[in-house]
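Notes for the one structure printed next.
The figures here come from the full heavy-atom set of this structure, side chains too, leaving out hydrogens, waters and symmetry mates. Here is the naming used below: chain letters follow the sequence lines, and residue numbers restart at 1 for every chain.
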Protein chains: 2
Amino acid sequence: MKQRLAAIGTVETLPHRVAAFLSREIESGELNPGTRLPTEQELSEKFGVSRNVVREAIAQLRADGMIEARQGVGAFVLAPEQRASIRIDGEALKDSENMERLFELRCILEAESAALAAERRGQEHLDAIKAALDRMSGEERWEEGSIDADLLFHREIARATGNSYIHTFISFVCEQIRRSIHYARLTNPLHDLVEVNVGEHVRIYEALVAGDPSAAEAAMRAHIIGAAERVGVKLPAARRKQSGKGK
Amino acid sequence: MKQRLAAIGTVETLPHRVAAFLSREIESGELNPGTRLPTEQELSEKFGVSRNVVREAIAQLRADGMIEARQGVGAFVLAPEQRASIRIDGEALKDSENMERLFELRCILEAESAALAAERRGQEHLDAIKAALDRMSGEERWEEGSIDADLLFHREIARATGNSYIHTFISFVCEQIRRSIHYARLTNPLHDLVEVNVGEHVRIYEALVAGDPSAAEAAMRAHIIGAAERVGVKLPAARRKQSGKGK
DNA sequence: TGATACATATCATCCTACAACTTAACTCGA
DNA sequence: TCGAGTTAAGTTGTAGGATGATATGTATCA
């Protein structure tokens, strides 16, 4: 709490910057659940901004369920379980272990998504998935166009599950991963472009056409594991395909 | 866009209400990606609030990545894929089909969580899970205390996966479900209290102790399906446990 | 036709003022 | 002395006005 805006860094509007700063204080444990934030006036002075800016920042944080404000009392940090939304800290993804974990979560979601899509897809879903696949095949190198087509491919599969929450969660996770990789490239332009592997996508598509949930799941799992490795992330050992204890 | 705040309903601060209204317009497709919102001044007049209130509302929406504001131009709706966070509309969960879908997603996440926890848990995890279990067992009826203990049980299992994203996602989904059920009870006080089924929890715990991922997954899946049914939600047919095609 | 200047529209920030709510302190009566 | 009621102080919630910054469109000039 000794910071001024000059030390906050990053771009964007002042409210966004104040909110980001406070958010980091909360996530890092500097401000524990139950802690009362400084008053709006104090924050205003501390950061050298108007009270309106502080209020806008606080509005953001309360919409996220990170804090609650009580009129006449102050603003208090809430427990993470009370959050009204899920966010992923882009900075945290610079740590490759966190990237691993996010890929693991993605693998869980996408493997199930593919299996459900294989069961529930209609012709219109297959058409959309094929269109994304064709778009991917038309690219010679793994560039933004390919990345967009790849994301679209995954999103269309998730759409075919008929479960909008699955679609939302997968879209979100894929987008966060994409952003992280994108920013890594901006920082390090020599970062190698990753080659597209359309064969893996084709196998997923074929399993969907065949309506084979197990094949779809396996193909998708292999694809996500492969995609992770291609960006330098090694997923934790595959599970239960070796245990053979499952019924 | 013909609404006034009187028609917005719900409680809370004016910015929150304006943001919620706009958010619903966006989610419902009334405001498509690329659409330009009315100016701040127009929204201020339309809703009969000050421009500050409108700005705070917009700050919330832009923090979510639902809109982007360009100085001198206006505020524009962004595509859902650009969202910086995941939210679940509590109103949408009043539709039982959406509740089904959310439970399905929960089942996907929690089954995997249990399996990973069975592989990765340490003694400290088991202790925490047991503590939550004991707390649940001490309750004679399914009340808030039991619900909290149940949520804690699930969160501790997710923590044992060692993947904070899994933990975050599961916590979030469980909390949204809990809130939805809680509000349903406020609206309809005659809604039956649901009995706690500690036996299912014990089975999960035992599989964790035994370090048996398959058993943990199966027990968790059965528990989630049972929990859903106990609140009147029937999950889509179980998948792949009958296909037997998996390797 | 392209570049430059100017006007207009709109967001971003700041400031002031008052309303509404909460909490602590004070006063008064039993 | 204790409890209830009142008042004062502190803090958030809202409103309104002003100025700065940015983007876009239009007019003018070379």
Side-chain angles (χ1 to χ4, degrees), chain A residues 1 3-22 26 31 34-78 82 84, chain B residues 1 3-22 26 31 34-78 82 84:
Chain A
M1 254 321 142
Q3 311 286 344
R4 296 199 65 93
L5 277 188
I8 291 184
T10 201
V11 207
E12 269 266 38
T13 62
L14 293 177
H16 174 81
R17 295 165 71 176
V18 171
F21 180 88
L22 293 174
I26 292 170
L31 293 171
T35 309
R36 182 172 164 285
L37 293 194
T39 66
E40 293 174 358
Q41 185 62 36
E42 284 165 353
L43 291 171
S44 168
E45 288 162 6
K46 184 76 62 179
F47 291 124
V49 298
S50 78
R51 197 179 140 223
N52 279 339
V53 168
V54 171
R55 285 197 57 78
E56 284 187 30
I58 284 175
Q60 293 177 36
L61 295 177
R62 55 190 299 188
D64 275 357
M66 292 187 85
I67 63 171
E68 72 166 348
R70 283 154 48 206
Q71 186 170 337
V73 191
F76 297 83
V77 179
L78 289 174
Q82 303 292 108
Chain B
M1 254 322 143
Q3 310 288 344
R4 295 200 66 94
L5 277 187
I8 291 182
T10 200
V11 208
E12 269 265 41
T13 63
L14 293 179
H16 174 82
R17 295 164 70 177
V18 171
F21 180 89
L22 293 174
I26 291 169
L31 293 170
T35 309
R36 180 171 164 289
L37 292 194
T39 65
E40 294 174 356
Q41 185 62 34
E42 283 165 351
L43 289 171
S44 168
E45 287 162 7
K46 185 76 63 181
F47 291 124
V49 298
S50 79
R51 198 176 137 226
N52 280 335
V53 167
V54 171
R55 285 197 57 78
E56 286 186 27
I58 284 175
Q60 294 178 36
L61 295 178
R62 56 190 299 187
D64 273 358
M66 291 187 87
I67 64 172
E68 72 166 349
R70 283 153 52 205
Q71 187 169 336
V73 191
F76 297 83
V77 178
L78 289 174
Q82 303 292 111

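Comparing C:dA12, D:dT12, C:dC14 by their closest approach to the side chain of B:Ala69 singles out C:dA12. Listed nucleotides: C:dA12, D:dT14, D:dT11. Nearest to the side chain of A:Thr39: D:dT11.
For the pair B:Arg36 CZ and C:dA9 C1', the interatomic distance rounds to 9 Å; values are reported in whole Å. C:dC18 atom P lies 14 Å from atom CZ of A:Arg51, rounded to whole Å. As rounded to whole Å, 12 Å separates atom C1' of C:dA9 from atom CZ of B:Phe76. Rounding to whole angstrom units, CG of residue B:Leu61 and P of C:dC11 are separated by 14 Å. Distance, A:Leu37 CG to D:dT11 C1': 13 Å, rounded to whole Å. Across the protein-nucleic acid pair, B:Arg55 atom CZ and D:dG13 atom C1' stand 17 Å apart, rounded to whole Å. Straight-line distance from the CD atom of A:Glu45 to the P atom of C:dT13: 19 Å, rounded to whole Å. To the nearest angstrom, P of C:dC14 lies 14 Å from CG of A:Leu43.
In this model, the phosphate group of D:dT14 is not approached by any side-chain N or O of B:Arg17 to a distance below 4.0 Å at OP1 or OP2.
If B:Glu40 and A:Ser50 are placed on DNA chain C by their nearest nucleotide, the residue sitting closer to the 5' end is B:Glu40. If A:Gln71 and A:Glu56 are placed on DNA chain C by their nearest nucleotide, the residue sitting closer to the 5' end is A:Glu56.
With hydrogens and angles ignored, a donor-acceptor pair closer than 3.5 Å exists between the side chain of B:Asn52 and the base of D:dG16.
Within the nucleic acid shown, B:Arg70 comes within 4.0 Å of sugar-phosphate atoms alone, with no base atom in reach, counting heavy atoms only.
Within the 4.5 Å cutoff, the side chain of A:Arg62 has heavy atoms near those of the B:Thr13 side chain. Taking the side chain as every heavy atom from C-beta outward, B:Leu22 and B:Ile67 never approach each other to under 4.5 Å. Taking 4.5 Å as the limit, every side-chain heavy atom of A:Arg55 sits out of range of all side-chain heavy atoms of A:Ile58.
Between the side chains of B:Glu56 and B:Gln60, no donor N or O sits under 3.5 Å from an acceptor N or O.
Side chain of B:Arg70 to main chain of B:Phe76: no donor-acceptor pair is present (N/O by atom type, distance under 3.5 Å, no hydrogens or angles).
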